[in-house]
Amino acid sequence: MAMPVAHRPHADFHSHLHLTVERLCVERGGRMVLRDVSFALSGGETLIVTGRNGVGKSTLLRALAGLLPVLSGAVALEGANEAEISTQTHYLAHADGLKAALTVAENLEFWGAYLDAGHPAQRLSPAQALEAVGLSHAARASVAILSAGQKRRVALARLMVAHRPIWLLDEPMTALDAFSRERFARAMRDHCALGGIIVAATHEPLGVEEARELPLGART
Amino acid sequence: MSSELTSLFIRELRIARRIGGSGSMGVVFFLTLVTITPFAVGPDPDLLARIGPAMLWISALLASLLGLDRLFQADAEDGSLDLFHLSQTPLELAVLVKCAAHWVTAGLPLVVAAPVLGLMLQQDGAALLGVIASLLVGAPALTLIGSIGAAATVTVRRGGLLMALLVLPLTIPVLIFGVSAANAAAGGTVPFLSPFAILCAISLAALALCPFAAAAALRQL
């Protein structure tokens with residue numbers, strides 16, 4: 001099995017990173033979806049958010065990304081040079097942000113430039129990122145003709161074309177085959193080795209050892 | 001910052017070119033509206049020459065609303081809008097760049113087509129120049145004002161009509177001064193420059209204010 005592109009620049013790049021969530025409450029549609037959620041993560045750590053459907057896993061990720069207003073509580077990021085959490089965060093959800101009219105490489109080039117958060121040494125070129133997800137042959141194909149699993153792999157490649165220390169992943173393994181899962185698990189381990197933080201909402205095993213778990217909705 | 005905006009602009013142009021339709025459909029709609037005017041008001045050349053600038057402006061206004069409802073909706077549906085929020089580039093600038101790209105692909109073809117269609121409405125040379133100049137300056141304001149409506153209706157299914165209802169009243173000042181500038185160029189009592197300068201001022205005000213309003217609406221999602 002060919003290893004993906006060697007991509008281990010300065011190890012421990014973000015080890016000083018701290019993500020602290022305190023008593024977070026989020027309301028959606030007039031209903032309190034998250035109540036008093038607290039956790040703290042340091043660089044290199046992975047948090048897996050579990051719970052049954054509708055318990056607020058996606059809401060938590062969107063609130064962390066700053067895409068949903070927070071009713072009360074605080075999300076704080078330390079050690080990223082005063083940068084706001086939203087500009088240091090990759091958010092991956094069901095909607096993959098890919099344009100069907102553009103080719104795979106064009107989509108990745110655009111997001112690479114647009115989501116650039118100023119870590120040039122850690123970013124991969126679109127070609128390298130596609131190699132890492134095993135899609136080199138599809139670079140010039142239109143996204144419209146890709147299968148669901150291939151689209152998901154392009155979306156995962158987006159996480160690598162612009163380096164951001166925090167990954168918020170909503171069901172990242174959806175539609176992936178076993179081989180792609182293993183490749184992505186390796187990418188996640190690499191990200192943690194660089195000192196990045198991963199928060200993933202998933203029902204499936206992520207393939208990351210030493211991941212902490214946050215069960216939502218367990219108290220009720 | 002500028003490389004982000006350039007890549008967004010190129011992306012928008014590529015999408016518009018590959019999907020097609022927005023520019024050419026607008027021009028065809030424009031042509032249809034101008035063509036049916038003589039059927040409605042009669043073929044009297046004097047009458048057509050008199051109402052020509054107004055008809056061209058109304059037609060261009062309606063044609064410029066075509067496709068504008070998709071300005072942010074497509075990005076909201078495929079998740080791109082969420083990612084725009086996460087960029088270091090302010091949402092206001094993204095709105096501005098998307099408006100600029102929309103103007104190049106959908107607004108500019110209308111300005112180019114206007115003199116040709118003006119010939120069908122008995123417009124002489126001076127009047128044609130007046131229509132081109134007023135549309136060139138005024139139509140960007142239509143796109144910018146329209147972006148507020150597009151942002152406000154981004155989650156509304158089939159929001160195109162609602163967007164038109166929201167936007168059309170706001171475009172009345174542009175219409176008034178656009179048409180009076182075009183009429184003044186065709187030979188009127190008013191000097192061309194006074195309505196034209198106000199039209200320029202409206203466009204500049206739209207340029208300064210509308211991206212903030214549209215971005216504020218997008219943040220409320």
Side-chain angles (χ1 to χ4, degrees), chain A residues 28-29 58 61-69 80-103 105-120 126 142-144 151-152 154-155 158-159 161-162 164-168 170, chain B residues 1-25 67 70-98 100-102 105-106 151 154-155 215-221:
Chain A
R28 247 185 147 172
S58 302
L61 293 188
R62 289 186 69 83
L64 291 181
L67 295 171
L68 278 180
N81 300 329
E82 312 281 309
E84 270 185 61
I85 178 167
S86 64
T87 65
Q88 296 301 315
T89 296
H90 266 311
Y91 174 70
L92 177 80
H94 173 67
D96 48 23
L98 302 175
K99 288 289 177 193
L102 302 180
T103 67
E106 284 168 347
N107 269 295
L108 289 179
E109 269 163 30
F110 167 69
W111 286 123
Y114 203 77
L115 293 176
D116 180 34
H119 303 291
S142 157
V143 165
K151 273 185 203 162
R152 174 61 31 161
V154 178
R158 192 193 78 216
L159 305 179
V161 292
R164 293 181 160 215
I166 300 174
W167 285 8
L168 302 176
D170 198 348
Chain B
M1 183 78 76
S2 64
S3 74
E4 280 100 324
L5 297 177
T6 314
S7 58
L8 177 61
F9 189 72
I10 292 170
R11 168 191 192 248
E12 295 298 315
L13 289 191
R14 273 186 183 146
I15 294 170
R17 198 186 69 217
R18 305 251 171 94
I19 293 180
S22 57
S24 50
M25 286 301 280
R70 294 293 294 167
L71 188 63
F72 303 116
Q73 218 168 40
D75 284 327
E77 282 164 7
D78 67 20
S80 301
L81 199 58
D82 286 339
L83 302 182
F84 287 159
H85 285 291
L86 299 184
S87 175
Q88 288 185 322
T89 309
L91 199 55
E92 287 79 5
L93 286 176
V95 168
L96 194 60
V97 169
K98 281 185 75 74
H102 185 269
T105 53
V154 74
T155 53
L218 289 175
R219 287 205 177 94
Q220 295 306 310
L221 290 183

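Numbers restart at 1 for each chain; the letters A, B, ... are given by sequence-line order, proteins then strands.
A pairwise comparison of heavy atoms in A/Thr103 and B/Arg18 identifies N-NH1, 4.1 Å as the closest pair. Heavy-atom minimum distance, A/Ala101 versus B/Ile19: CB-CG1, 3.9 Å. Contact record, B/Asp82 with A/Leu67: O-CD2, 3.6 Å, taken as the closest heavy-atom pair. Listed here is the closest heavy atom pair of B/Ser7 and A/Ala113: OG-CB, 3.6 Å. Considering every non-hydrogen atom in both A/Asp116 and B/Gln88, the closest pair reads O-OE1, 3.4 Å.
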Under the side chain to side chain contact (heavy atoms under 4.5 Å, CB included) rule, what do A/Lys99 and B/Asp75 come out as? Steps first, then yes or no, please.
CA-CA 9 Å; A/Lys99 288 289 177 193; B/Asp75 284 327; 2.8 Å; yes
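With rounding to the nearest 0.5 Å, the separation of CZ in B/Arg11 from OH in A/Tyr114 is 9.0 Å. Rounding to the nearest 0.5 angstrom, the gap separating the CZ atom in A/Arg158 from the CG atom in B/Leu83 is 4.5 Å. Distance check: B/Leu86 CG to A/Ile166 CD1 gives 11.0 Å after rounding to the nearest 0.5 Å. Going from atom CG of A/Leu115 over to atom CD of B/Glu4 covers 9.0 Å, rounded to the nearest 0.5 Å. Note that the CG atom of A/Asn107 and the CZ atom of B/Arg14 stand 10.0 Å from one another [nearest 0.5 Å].
Between B/Phe84 and A/Phe110, the ring planes lie perpendicular to each other; the angle is over 60°, past the 30° to 60° tilted range.
At a 4.5 Å heavy-atom cutoff, A/Ile85 makes no contact with chain B through either its backbone or its side chain. Interface remark: A/Ala93 contributes no atoms to any contact with chain B (heavy atom separation under 4.5 Å).
The choice from B/Gly79, B/Ser3, B/Ser87 that makes the most heavy-atom pairs within less than 4.5 Å of chain A is B/Ser87. Interface summary for chain B: among A/His90, A/Glu109, A/His94, A/Glu106, the most heavy-atom pairs under 4.5 angstrom belong to A/Glu106.
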